[in-house]
Amino acid sequence: MNPQKNLQISVLLDYYSKMLTEKQQEAVNLYYNEDLSLAEIAEHTKITRQGVRDSIKRGEQTLLEMEEKFHLAEKSKKYYEIIDEVGVLCADIMRECANLGYPRAIYRRAEYLVKLADENKELF
């Protein structure tokens with residue numbers, strides 16, 4: 001199994017699980033997040049192994065289609081990259097301020113941006 005695809009489906013499930021049927025949600029979650037086999041899921045859900053496989057495949061397809069339409073996971077990833085970069089740049093500014101004798105106005109703004117970035121990392 002492809003670990004990259006596993007992670008992708010698991011992430012997409014976080015964003016789009018409500019677009020799946022309850023059976024698809026359960027099957028995809030058990031398969032990708034709980035690492036259960038098709039046989040284990042079939043036993044747990046009281047449906048056939050083939051039914052589980054079909055449910056997972058339909059669920060995967062729906063998740064991929066939703067991401068293709070809305071790009072929420074992609075946008076979220078980009079958001080986190082930007083927030084991290086803001087934090088790094090502010091830390092650099094704060095270090096440079098220390099070398100310049102702490103120009104207060106600049107230092108406070110950089111400090112505020114670091115705080116803002118840290119506080120808002122969990123928005124998505």
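Since the model is a prediction, treat every value here as computed from it, not as a measurement.
The shortest heavy-atom contact between Ala42 and Thr48 is CB-C, 3.8 Å. The two residues Cys97 and Ile106 make their nearest non-hydrogen contact at SG-CG2, 3.5 Å. When every heavy atom of Ala91 is checked against every heavy atom of Val114, the shortest pair comes out as N-CG2, 4.3 Å. Taking each heavy atom of Ser17 and Gln25 in turn, the nearest pair found is O-NE2, 3.0 Å.
At least one side-chain heavy atom of Ile56 sits under 4.5 Å from a side-chain heavy atom of Ile41.
For the side-chain contact (heavy atoms from CB on, under 4.5 Å) test with Val28, the passing option among Thr62, Val52, Leu12, Leu63 is Leu63; the others fail.
Pairs passing the salt bridge (Lys or Arg N to Asp or Glu O under 4.0 Å) check and including a residue from residues 54-64, sequence neighbours excluded, read Lys5-Glu60, Lys57-Glu60. For residues 15-24, there are no salt bridge (Lys or Arg N to Asp or Glu O under 4.0 Å) pairs, not counting sequence neighbours. Here salt bridge (Lys or Arg N to Asp or Glu O under 4.0 Å) pairs that include residues 63-74, with residues two or more places apart or in two chains, number zero.
Once rounded to the nearest 0.5 Å, the distance linking NZ of Lys115 with SG of Cys90 reads 13.5 Å. We find the OH-CD distance between Tyr31 and Gln24 to be 15.5 Å, quoted to the nearest 0.5 Å. Going from atom CG of Leu89 over to atom CG of Asp84 covers 11.0 Å, rounded to the nearest 0.5 Å.
Both Tyr15 and Phe70 belong to a common hydrophobic cluster when Ile, Leu, Val, Met, Phe, Trp and Tyr are linked at side-chain heavy-atom distances under 4.5 angstrom. Using a 4.5 Å cut-off between side-chain heavy atoms of Ile, Leu, Val, Met, Phe, Trp and Tyr, with links allowed through other members, Leu7 and Leu36 fall into the same hydrophobic cluster. Tracing side-chain contacts under 4.5 Å through hydrophobic residues (I, L, V, M, F, W, Y), one never reaches Met94 starting from Val86; they form parts of separate clusters.
A donor-acceptor pair under 3.5 Å links the side-chain atoms of Tyr16 to the main chain of Leu72, judged by distance alone.
Counting non-hydrogen atoms of neighbouring residues, nucleotides and ligands closer than 6.0 angstrom, the CE atom of Met19 reaches no more than 12 such neighbours.
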### Task
Could you go through the side-chain contact (heavy atoms from CB on, under 4.5 Å) check for Ile83 and Leu116 one step at a time?
CA-CA 9 Å; Ile83 290 294; Leu116 192 63; over 6 Å; no

### Message
Working note: Leu13 + Leu20, criterion side-chain contact (heavy atoms from CB on, under 4.5 Å); need CA distance, chi angles, decisive distance, verdict.
### Response
CA-CA 9 Å; Leu13 190 60; Leu20 304 178; 3.8 Å; yes

### Message
Run the side-chain contact (heavy atoms from CB on, under 4.5 Å) test on Lys78 and Glu81 for me, step by step, so that the C-alpha distance in whole Å, both residues' side-chain angles and the decisive distance to 0.1 Å come before the verdict.
### Response
CA-CA 5 Å; Lys78 183 66 175 172; Glu81 289 170 356; 3.8 Å; yes

### side-chain contact (heavy atoms from CB on, under 4.5 Å) between Leu30 and Glu40, worked out
CA-CA 9 Å; Leu30 291 171; Glu40 291 169 320; over 6 Å; no

